[in-house]
Amino acid sequence: MSMLEIKNISKSFRDGSEENHVLSGLSLSVESGEIVAVLGPSGSGKSTFLSIAGLLLSADSGEVFIGGKEVSKLPKSKWTRYRKEHIGFIFQSHQLLPYLNSADQLTLFQDKKNVSKVDAMELLKELDVDSCKKKYPAKMSGGEKQRVAIARAFVNDPEIILADEPTASLDAKRGRVVVQMIRDEVKKRGKVAVVVTHDERILDLMDKVYRLENGRLTEISNS
Ligand SMILES: Nc1ncnc2c1ncn2[C@@H]1O[C@H](COP(=O)(O)OP(=O)(O)O)[C@@H](O)[C@H]1O
Ligand SMILES: [Mg+2]
């Protein structure tokens with residue numbers, strides 16, 4: 001059974017009098033322990049797709065299943081709670097809060113019911129930023145901030161990690177390290193990660209690579 005299953009998603013935005021068909025019958029299936037990349041030029045619908053997969057946006061039609069459960073039919077009033085428990089997001093820029101040190105960035109978001117599942121300090125150690133525990137974002141490098149953001153995405157032990165251009169603000173070397181760390185966490189904890197990217201240099205770290213074109217995903221060979 002696929003941990004994340006997206007079936008036949010379509011989404012249009014109204015652009016003046018025109019309908020802008022962004023996604024048309026997009027499907028994707030990802031198993032536990034898999035990290036996959038989605039490539040595509042700017043404006044091809046990558047963020048729209050990720051937002052629908054992460055219950056941030058509703059599709060016009062199609063379904064999203066997580067762990068076999070059709071989550072897209074949950075009432076919207078339950079989406080926030082569901083996201084918090086099951087989905088971790090990593091964005092292009094780290095989106096850390098300026099007035100919290102790294103330890104508090106994680107514990108603030110930690111779901112109290114889940115505290116026993118993942119140790120926030122252990123995650124910071126795994127991502128090699130435990131030295132930043134007491135540091136505020138302004139005193140940290142781009143790579144350090146992004147790694148704290150990754151730790152935060154994993155802190156509630158979500159099944160699904162959705163990353164939107166996580167290396168865009170980093171140089172090639174740091175970008176690679178960050179994706180390697182996402183990959184290691186996915187493998188170690190049996191998660192699913194979908195990484196939207198322009199960055200062709202990280203594709204060898206992916207189990208599968210898809211291109212988003214004409215509103216659908218096509219698997220492309222990964223090498
Ligand atoms: N909330 C919105 N309202 C109207 N159009 C949108 C909205 N979000 C995205 N779009 C349009 O959908 C298309 C895909 O956008 P997006 O998913 O952000 O692409 P990408 O992440 O691949 O750059 C673009 O043409 C964009 O202008
Ligand atoms: Mg985008």
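Whatever order the structure lists them in is the order used to number ligands and atoms, beginning at 1. On a predicted model such as this, the values are computed, not experimentally measured, just so you know.
In this structure a side-chain-to-backbone donor-acceptor pair under 3.5 Å is present from R83 to L55. Listed for the R176 side chain is a donor-acceptor partner under 3.5 Å among the backbone atoms of R201. For the pair K11 (side chain) and D60 (backbone), a donor-acceptor distance under 3.5 Å is absent. A donor-acceptor pair under 3.5 Å links the side-chain atoms of S72 to the main chain of V64, judged by distance alone. Without hydrogens or angle criteria, Q105 side chain to R152 main chain gives no donor-acceptor distance under 3.5 Å. No donor-acceptor pair closer than 3.5 Å links the side chain of S29 to the backbone N or O of E5. In this structure, the side chain of S10 engages the main chain of G25 through a donor-acceptor pair within 3.5 Å. Counting only distance, with no hydrogens or angles, the side chain of N156 and the backbone of E85 share no donor-acceptor pair below 3.5 Å. Under a 3.5 Å cut-off, the side chain of R183 and the backbone N or O of L205 do form a donor-acceptor pair.
Scanning all protein heavy atoms for the shortest distance to atom 27 (O) of ligand 1 gives N20 ND2, 4.6 Å. In terms of protein heavy atoms, atom 23 (O) of ligand 1 is closest to G43 N, 2.7 Å. Among protein heavy atoms, the minimum distance from atom 9 (C) of ligand 1 is reached at F13 CE1, 3.4 Å. Counting protein heavy atoms only, atom 15 (O) of ligand 1 is closest to T48 OG1, 3.9 Å.
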Using the salt bridge (Lys or Arg N to Asp or Glu O under 4.0 Å) rule, take E34 and K208 through it: C-alpha gap first, then chi angles, then the decisive distance, then the call. CA-CA 8 Å; E34 266 188 343; K208 288 182 183 144; 3.3 Å; yes
Would you check, one step at a time, whether the test side-chain hydrogen bond (donor to acceptor under 3.5 Å, both in side chains) holds for S2 with E31? CA-CA 5 Å; S2 296; E31 312 282 322; 3.2 Å; yes
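Within the listing of ligand 1, atoms 23 (O) sit less than 4.0 angstrom from a heavy atom of S42. Near P41, with a cut-off below 4.0 Å to any heavy atom, the atoms of ligand 1 are 22 (O). Close contacts between ligand 1 and S47 involve ligand atoms 17 (O), 18 (O), 20 (P), 21 (O) [criterion: under 4.0 Å to a heavy atom].
Within the 4.0 Å heavy-atom shell around ligand 1 one does not find G40.
I202 and V194 sit in two unconnected hydrophobic clusters of ILVMFWY residues. Membership requires side-chain heavy atoms under 4.5 Å apart, directly or through other members.
Around the Mg ion (ligand 2), the protein atoms of type N, O or S that sit closer than 2.8 Å are S47 OG.
Contact annotation: for L212 versus ligand 1, there are no heavy atoms closer than 4.0 Å.
For G45, a nitrogen or oxygen atom sits less than 3.5 Å from a nitrogen or oxygen atom of ligand 1, counting backbone and side chain alike. Annotation: R14 places no N or O atom under 3.5 Å from an N or O atom of ligand 1; distance criterion only.
Considering V22, D15, L57 only, the shortest heavy-atom separation from atom 12 (O) of ligand 1 involves V22.
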